[in-house]
Amino acid sequence: MRFRKVLVANRGEIALRVIRTCRELGIATATVYSDIDRLSPHVRAADEAYPIGGAAPRDSYLHIERIIAVAKRAGCDAIHPGYGFLSENADFADAVAAAGIAFVGPPGTVQRALGEKTSARRLAAAAGVPVAEGTMEPLRDEADARTVLERVGYPVLLKPAGGGGGKGMRIVRSAAELPAAWRAATGEATTAFGAPALLMERLIEHARHVEVQLLADAHGTVVWLGERDCSIQRRHQKLIEETPGPSVDDALRATLGAAAVTVASAAGYVNAGTVEFLVAPDGAFVFLEMNTRLQVEHPVTELVTGLDLVALQLRVAAGEPLPFGQPEVRRSGAAIELRITAEDPFAGFLPQAGRVDFVRDPSGPGIRLDSGLAVPLTIPTEYDPLLAKLIAWGPDRPAAIARARRAAREMIVAGLPTSLPFHSFVLAEPDFVAGRYDTDYVARHWDHPRTPEITEGAALATALAGLARLRAGPRPFVGDTTPWSRSAREDMLR
Amino acid sequence: MRFRKVLVANRGEIALRVIRTCRELGIATATVYSDIDRLSPHVRAADEAYPIGGAAPRDSYLHIERIIAVAKRAGCDAIHPGYGFLSENADFADAVAAAGIAFVGPPGTVQRALGEKTSARRLAAAAGVPVAEGTMEPLRDEADARTVLERVGYPVLLKPAGGGGGKGMRIVRSAAELPAAWRAATGEATTAFGAPALLMERLIEHARHVEVQLLADAHGTVVWLGERDCSIQRRHQKLIEETPGPSVDDALRATLGAAAVTVASAAGYVNAGTVEFLVAPDGAFVFLEMNTRLQVEHPVTELVTGLDLVALQLRVAAGEPLPFGQPEVRRSGAAIELRITAEDPFAGFLPQAGRVDFVRDPSGPGIRLDSGLAVPLTIPTEYDPLLAKLIAWGPDRPAAIARARRAAREMIVAGLPTSLPFHSFVLAEPDFVAGRYDTDYVARHWDHPRTPEITEGAALATALAGLARLRAGPRPFVGDTTPWSRSAREDMLR
Amino acid sequence: MRYAVRAGDRELTIETTPEGRFLVGDRVVAADLAEAVPGRVWSVVVDGEAHEVAFLGDDRVWVDGDEVRIDIADERTVAAGRAGGRAASARQELRAPMPGLLKRVHVAEGSAVHEGDALVTLEAMKMENELRAAHAGTVARIAVAEGTTVEGGALLIVIRSE
Amino acid sequence: MRYAVRAGDRELTIETTPEGRFLVGDRVVAADLAEAVPGRVWSVVVDGEAHEVAFLGDDRVWVDGDEVRIDIADERTVAAGRAGGRAASARQELRAPMPGLLKRVHVAEGSAVHEGDALVTLEAMKMENELRAAHAGTVARIAVAEGTTVEGGALLIVIRSE
């Protein structure tokens with residue numbers, strides 16, 4: 001069986017990513033868009049595009065009934081949810097299946113077992129995979145949290161039980177911090193996952209976030225494709241990911257890979273998924289959660305394995321077996337991904353809205369760009385601030401870093417602040433270059449003034465260009481008035 | 001030894017290619033530019049840039065003394081010539097060495113032995129590598145040509161003896177064609193290489209152009225990195241190249257690799273080089289010529305081997321040994337390169353000059369773009385019409401083709417005709433897709449009207465957009481008048 | 001206003017209504033047109049079918065990855081076309097597509113040419129380029145002599161088709 | 001005209017001459033400025049040193065891969081700056097960087113704040129964002145109440161620095 005038409009129920013770079021693979025496979029694509037996304041690149045890229053409602057996600061990209069109605073109307077035989085939005089919504093997976101459409105991801109039952117985070121912890125623990133000390137059921141209330149705290153000891157992490165991805169987490173280092181943390185985490189959990197439930201875990205200090213990419217087919221084959229170190233985070237959300245993990249040796253890699261397969265097998269997992277671990281400085285590790293979807297950072301794994309994870313997702317969703325087993329998985333070289341976000345790194349990574357009015361894409365040897373940008377493009381406040389992913393491959397880690405840094409410094413995005421200056425900084429910062437970093441890295445290293453040191457020559461050039469711009473006065477950008485359009489208009493529009 | 005600063009004595013995409021690797025290696029770059037190239041991307045990308053004269057190549061990019069003077073003034077310890085221009089000029093290599101600067105390429109003596117094409121034929125033949133029947137010395141005159149013709153038999157190829165790369169070649173199929181061919185070839189040989197000398201070779205019909213990439217260090221190590229099939233040509237110049245060659249099996253690959261190493265060793269070759277062969281339909285092959293420089297199409301080899309050929313060129317030029325031997329060379333998957341040129345494929349690939357005023361770069365999984373484009377950019381008539389190279393990698397040939405086709409159809413270049421429609425055609429054409437092609441491919445398959453078949457929907461959309469554009473009337477492109485610039489100007493410029 | 005549009009190998013008659021709708025032939029089309037890049041790129045959605053259209057040059061258009069020619073004429077031009085349109089197209093001008101040296105002229109004034117016949121050889125960009133006749137006809141005029149250096153756009157040869 | 005320019009962490013005094021040359025401090029600089037992308041990107045070559053400068057926003061500039069702030073003042077502004085410049089900067093306005101919900105106000109009118117103190121929490125893009133004081137001062141005014149939905153650019157808090 002092979003799909004004829006896939007509904008890509010997402011937007012931005014990931015919608016384009018999925019559309020590209022479909023096109024290469026000869027599969028038609030349909031997509032959906034909210035009222036403010038009519039001019040978004042995914043609408044132009046797909047073969048078909050359907051409006052599904054207002055700007056707010058609940059009115060459009062989270063609206064299960066409308067999305068399924070579009071899939072039926074357009075005659076799609078599969079729905080790819082991308083990441084975020086409905087990608088980890090078990091009810092959506094169930095509804096898609098009930099409509100007789102293939103869901104590109106694990107079934108609702110599996111998503112439910114892994115999506116509720118205490119349920120996932122119970123599952124991992126039962127399978128013999130270590131989990132952090134803490135609650136194995138959602139906390140009942142703040143008093144319950146206080147009781148658990150006394151047992152587990154400080155510091156702890158208060159986390160939404162209803163969903164993952166680093167959203168809504170709060171560290172509690174003393175009893176006095178609990179009320180504010182409880183309030184904030186409950187609020188964000190409700191906003192992000194529609195459920196206030198929280199769990200508590202002992203915080204592992206100076207840990208690295210290391211995750212294992214998996215693929216599982218419906219015929220019982222589960223393979224792991226290597227790990228990614230995603231410790232460079234702000235607000236518990238990733239900014240830079242790389243593979244291999246600089247602190248992961250072959251023994252730890254094999255152990256994590258086996259643990260990830262154990263979790264997936266215990267859950268009856270199908271399709272692409274990621275098992276996240278925290279690794280302590282001494283190499284001890286605990287299961288964190290399993291993401292039941294494609295990850296933002298999947299391209300680094302694609303670059304070192306040569307695989308197309310979206311193509312394999314589609315194959316698995318169509319019921320086909322994986323075309324290879326664990327022994328056939330090869331990894332070569334190193335890859336690193338930079339998430340170029342609409343955030344101001346000089347202002348606490350505050351998300352930015354605005355209009356992108358000039359972009360220069362980086363390219364050349366070893367560079368892949370998965371971009372959701374176009375010029376011009378209005379970046380709204382309603383969705384994820386991710387604009388593009390710059391991914392570099394090299395034969396080894398230093399080469400991958402050198403390429404990523406070269407490319408990051410080539411890239412220009414004008415119109416609103418982006419994370420690019422942060423990336424340029426990290427890629428030259430000695431601790432990162434030496435592979436010495438953990439999830440505290442951003443807090444410890446990024447206290448960067450808005451005035452990085454530039455050479456005297458660069459400052460002079462900047463000043464002279466500034467004066468030249470001032471003197472030149474306003475004038476149109478690259479013109480659209482070709483002789484043809486002008487004369488044709490004169491001829492026809494009188 | 002390691003270079004501190006490299007002079008990149010070229011322009012366009014290859015200058016950017018070399019600058020990128022230098023930047024990744026921490027090597028400073030200087031470059032040169034002609035009067036009409038002040039706004040070319042390589043001037044902006046390099047750390048230093050120096051004007052060297054008029055638009056005509058002989059006044060700038062071919063002006064040996066000026067280029068060496070710049071290298072000295074800027075304190076460069078090496079010169080990378082790119083391809084074209086002075087890259088195969090033995091006098092230049094000698095002059096660079098005499099100035100105490102490292103030349104990134106083989107020494108003048110080697111270039112001289114291989115650059116004169118009958119000398120290269122004698123060298124290959126003496127080393128036991130088959131060459132096409134024909135002249136082993138330059139032809140004296142048209143009468144001499146007629147004598148040789150009678151011995152060799154029709155059809156033959158009349159070629160400049162002074163240089164390669166497919167320039168100035170003429171096929172002669174009968175005695176009557178000789179005078180016109182002689183006149184044209186002599187003229188073009190003089191224009192392209194400054195020397196009218198010609199040689200004659202028996203034409204091998206339905207041959208494929210297959211070449212082998214080599215690397216040789218100054219310590220006697222020569223390795224070959226695989227072959228490229230470059231048979232898709234117009235005017236004997238390449239438009240599409242791929243590796244592995246679809247008609248090359250392991251046995252032929254090993255034979256060609258060994259033959260290439262034999263030629264290079266016999267010539268005492270050092271640095272990156274390419275040995276070109278013609279392969280007849282029966283698998284018999286003859287030596288064609290050796291290119292003593294980096295090739296335009298080197299990225300396909302980089303994508304399947306994971307090597308950076310420019311980095312290795314610099315290493316070899318600095319006197320270091322190659323960091324690997326033949327057994328360590330690994331090739332994985334397939335790669336294909338499309339040369340996006342400023343030529344009109346609907347008008348016999350006539351070179352185009354004009355102003356590029358809009359570009360959309362392709363990207364995503366498996367895509368590398370080596371582009372010399374910027375927006376806006378005036379494409380002059382004085383230089384090579386190559387604008388950019390779109391290179392795709394895939395785990396196998398069908399995957400590489402699918403990606404190349406997807407990306408070629410994403411790419412938009414406005415302002416002048418380009419070869420893109422040709423590439424879209426070839427990548428879907430059954431003979432090419434099946435790997436059934438030779439150097440006659442373009443003549444046999446490309447007779448393409450300006451009106452490709454599009455769907456009714458696409459035609460309607462085109463018509464409606466055309467009407468909308470007409471109605472909208474002229475207006476500025478994405479504005480440069482930010483509130484800041486406006487108010488600042490008002491404040492300051494009164 | 002009514003327009004005759006040729007897009008690629010298809011011809012369409014399109015009437016625009018004051019309410020901004022389109023009558024294509026005798027079918028009313030509800031098209032959603034959005035200008036993505038001012039004056040350059042349009043996104044066109046008709047009944048869910050999404051198309052992207054970019055203008056590349058005078059009459060060259062990129063649509064969903066294909067390059068086609070577009071030609072738009074309004075009803076007045078269409079009406080006039082029966083008489084004037086034909087006459088205009090009967091005269092074919094060959095102009096230099098770029099600056100270069102006119103190496104050779106292959107035809108003489110008064111000689112008959114077929115479609116595809118080589119007319120002149122122009123040396124430019126270090127190559128000899130043969131410029132050919134787009135339609136059959138008779139050489140009415142040779143505007144430039146062999147050996148002359150010409151500017152881009154310079155008139156080289158005039159051919160009359162009837 | 002004379003200008004005081006701050007580019008990144010450097011300050012330059014630049015005088016432009018009628019012949020189009022630049023006096024930087026007391027050094028005459030022969031700079032070759034070329035506008036690569038109109039109004040947006042400049043190529044600047046000084047004594048062979050090549051720089052690329054792109055304007056990203058109101059006062060943000062990209063130069064050779066680094067992002068810095070630029071501030072240009074002419075001699076009149078510089079002269080006036082001793083008196084008026086200071087006074088203006090003594091008043092600090094916190095505005096909403098994007099539309100969102102003002103979840104919490106952490107300060108009261110009249111309270112003293114230090115540089116970096118959290119002033120309000122704005123919920124936007126599904127995240128709670130703490131907006132902080134850029135300089136020390138006293139809260140002069142709280143313009144919006146907790147629980148209010150605000151537009152991007154809305155005035156939230158005024159702080160007086162002296």
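Each chain gets a letter, A, B and so on, in the order the sequences are listed, and its residues count up from 1.
Stacking of A:R469 on the aromatic ring of D:F55 is recorded, both the 6.0 Å distance cut-off and the 45° axial limit being met.
With a threshold of 4.5 angstrom between heavy atoms, A:L420 does not approach chain D through any atom at all. With a 4.5 Å cut-off on non-hydrogen atoms, D:E52 touches chain A through its side chain but not through its backbone. For A:S424, the part sitting under 4.5 Å from any heavy atom of chain D is the side chain, from C-beta outward, and nothing else. There is no contact between A:R405 and chain D, counting heavy-atom distances below 4.5 Å. At a 4.5 Å heavy-atom cutoff, the contact between A:E410 and chain D is made by backbone atoms alone. Residue contact with chain A, scored on non-hydrogen atoms closer than 4.5 Å, is absent for D:R6. With a 4.5 angstrom heavy-atom cutoff, D:V41 touches chain A only via side-chain atoms.
Under the 3.5 Å distance criterion, with hydrogens and angles disregarded, no donor-acceptor pair is assigned to the side chains of D:R10 and A:T462. Between the side chains of A:D384 and A:Y83, not a single donor N or O lies within less than 3.5 Å of an accepting N or O.
At least one side-chain heavy atom of D:F22 sits less than 4.5 Å from a side-chain heavy atom of D:L33. Within the 4.5 Å cutoff, side-chain heavy atoms of A:L158 are placed close to those of A:L178.
Ion pair A:E382/A:R11 not flagged as a salt bridge, since none of the NZ, NE, NH1 or NH2 atoms sits closer than 4.0 Å to an Asp/Glu carboxylate oxygen.
Contact count against chain A (heavy-atom pairs under 4.5 Å) is highest for D:T16 among D:V24, D:D71, D:T16, D:V61. The residue among A:E453, A:E456, A:M411 with the most heavy atom pairs within less than 4.5 Å of chain D is A:E456. In terms of heavy-atom pairs under 4.5 angstrom with chain A, the leader among D:L131, D:D66, D:D64 is D:D66.
Across A:P362 and A:L390, no two heavy atoms sit closer than the pair CG-CD1, 3.7 Å.
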